[in-house]
Structures are given as structure tokens and as C-alpha cells.
Amino acid sequence: MKKEIEKLLNDQVRYEANASMHYLAMASWADVHGFNGVSDFFYANSEEERVHMIKLVKFINERGGKAIVPALEAPKANFETLNELFEEFLSSEIYVTEKINEIIFECLSHKDYNTHNFMQWYVAEQLEEEAQARTMLDKLNIIGNDKTGHYMFDRDIMSFKATSEAQTPE
Ligand code: OFO
């Protein structure tokens, strides 16, 4: 594996690890504020990001590179509103998508078609996650400051997730 690609993949390990910790902090905030559905949603997302990170670590090592387990900064722990939480979720996903696109670009310019192929899974995953974050933020924007609306959003969030997954084209 080319050193440039190995470096980008190791950077990606850090972004996935950061997303995992970021979502863990969001889950914990929701947990202590009584939003149990939102908290379950972010605990599950934190776990998913950890899986994405491990997949990259294994790939780098299998291809003769050396995966680096990164040191991380503490994630933001306090949020004012559910909207703020989901705005951060969407911007985190948009950021990760940009980073994945950079890897795809470099894979093509270095003719690394194996890594390009491997990264297609991440491209599809980002499409789904960004769409999901947008749907949830749209719902919260409709709800505004209505407490009953927040209660119902929290109750229904896992079914939104299931629905958006079912709607994702193969
Ligand atoms: Fe790793 O899937 Fe989004 O960030």
C-alpha cells in the first residue's frame, strides 16, 4: 500500500474513532436529560462508528500497512437542545463524507483500485447516515420548541431509523 494512502486511511481511523466518542457523549447527554430513545439511538451509532474504525484498522494491517490507534480529544459533552444535538450529528457526518471522498480521489490518482473498492462500503454508509441525520433534523425543525413533540420524537426515533434504513435503495 502506498504511504500516502496508508496515511489517509489512518487519518480516517481517527475520524471514525472521534465520531464514535462524539456520539457516545451525545448518548450520555440524552440519557441524563430523559431522552431515552435518542440516547439509545446515539449509543447504537457510537458502536457503529467503532465498527467502522476497526474495519479500517484491519484493512490497513492486512494490506501490509501499520494501523495507528489514535489519541483522541474529549468530545463536546453539553448541548442546549435536541436540535443542537442533531445539527452536530449532521455536520459530523458531512465532515466524514468529505474525508471519505478525499480518500476515493487519492485512490484513483494512485491507481489503488483495491482500496477504492474497499472504500465503496463507506461511501454507501455515509449516504445513508447523512440522509438519516437530515430526516431527523427536518422533523425537529417542524416540532420547534414543543415539549410534547420532543417527547414523541424521543419515543419514535428508533422507528424513524428502521424506516429510513428500509427506504435506503440497495
Ligand atoms: Fe463511519 O459512518 Fe458516518 O461517520
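Remember, it's a predicted structure, so these values are computed and weren't measured experimentally. In each ligand, atom 1 is the first atom listed, and ligand 1 is the first ligand listed. We number each residue from 1, following the sequence as shown.
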Do any side-chain atoms of residues 56-66 form donor-acceptor pairs under 3.5 angstrom with protein atoms, and if so which ones, sequence neighbours left out?
unit_1: N61; atom_1: OD1; unit_2: A67; atom_2: N; d: 2.8
unit_1: N61; atom_1: ND2; unit_2: V57; atom_2: O; d: 3.4
unit_1: R63; atom_1: NH1; unit_2: T115; atom_2: OG1; d: 3.0

Would you list the atom pairs, donor with acceptor, under 3.5 Å between side chains in residues 71-78 and any protein atom, with sequence neighbours excluded?
unit_1: K76; atom_1: NZ; unit_2: E84; atom_2: OE2; d: 2.5
unit_1: K76; atom_1: NZ; unit_2: E88; atom_2: OE2; d: 2.9

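By the 4.0 Å N-to-carboxylate-O rule, R134 lies too far from D138 to be salt-bridged with it.
Remark: aromatic rings of Y23 and F89 are close, center separation under 6.0 Å.
Put simply, CD on Q126 and CH2 on W121 are 9.0 Å apart, with the number rounded to the nearest 0.5 Å.
Looking at residues two or more places apart in sequence or on another chain, you find a side chain to side chain contact (heavy atoms under 4.5 Å, CB included) between V123 and I100, I104, Q120.
Less than 2.8 Å away from atom 3 (Fe) of ligand 1, the protein contributes these N/O/S atoms: E93 OE1, Q126 OE1, E129 OE1.
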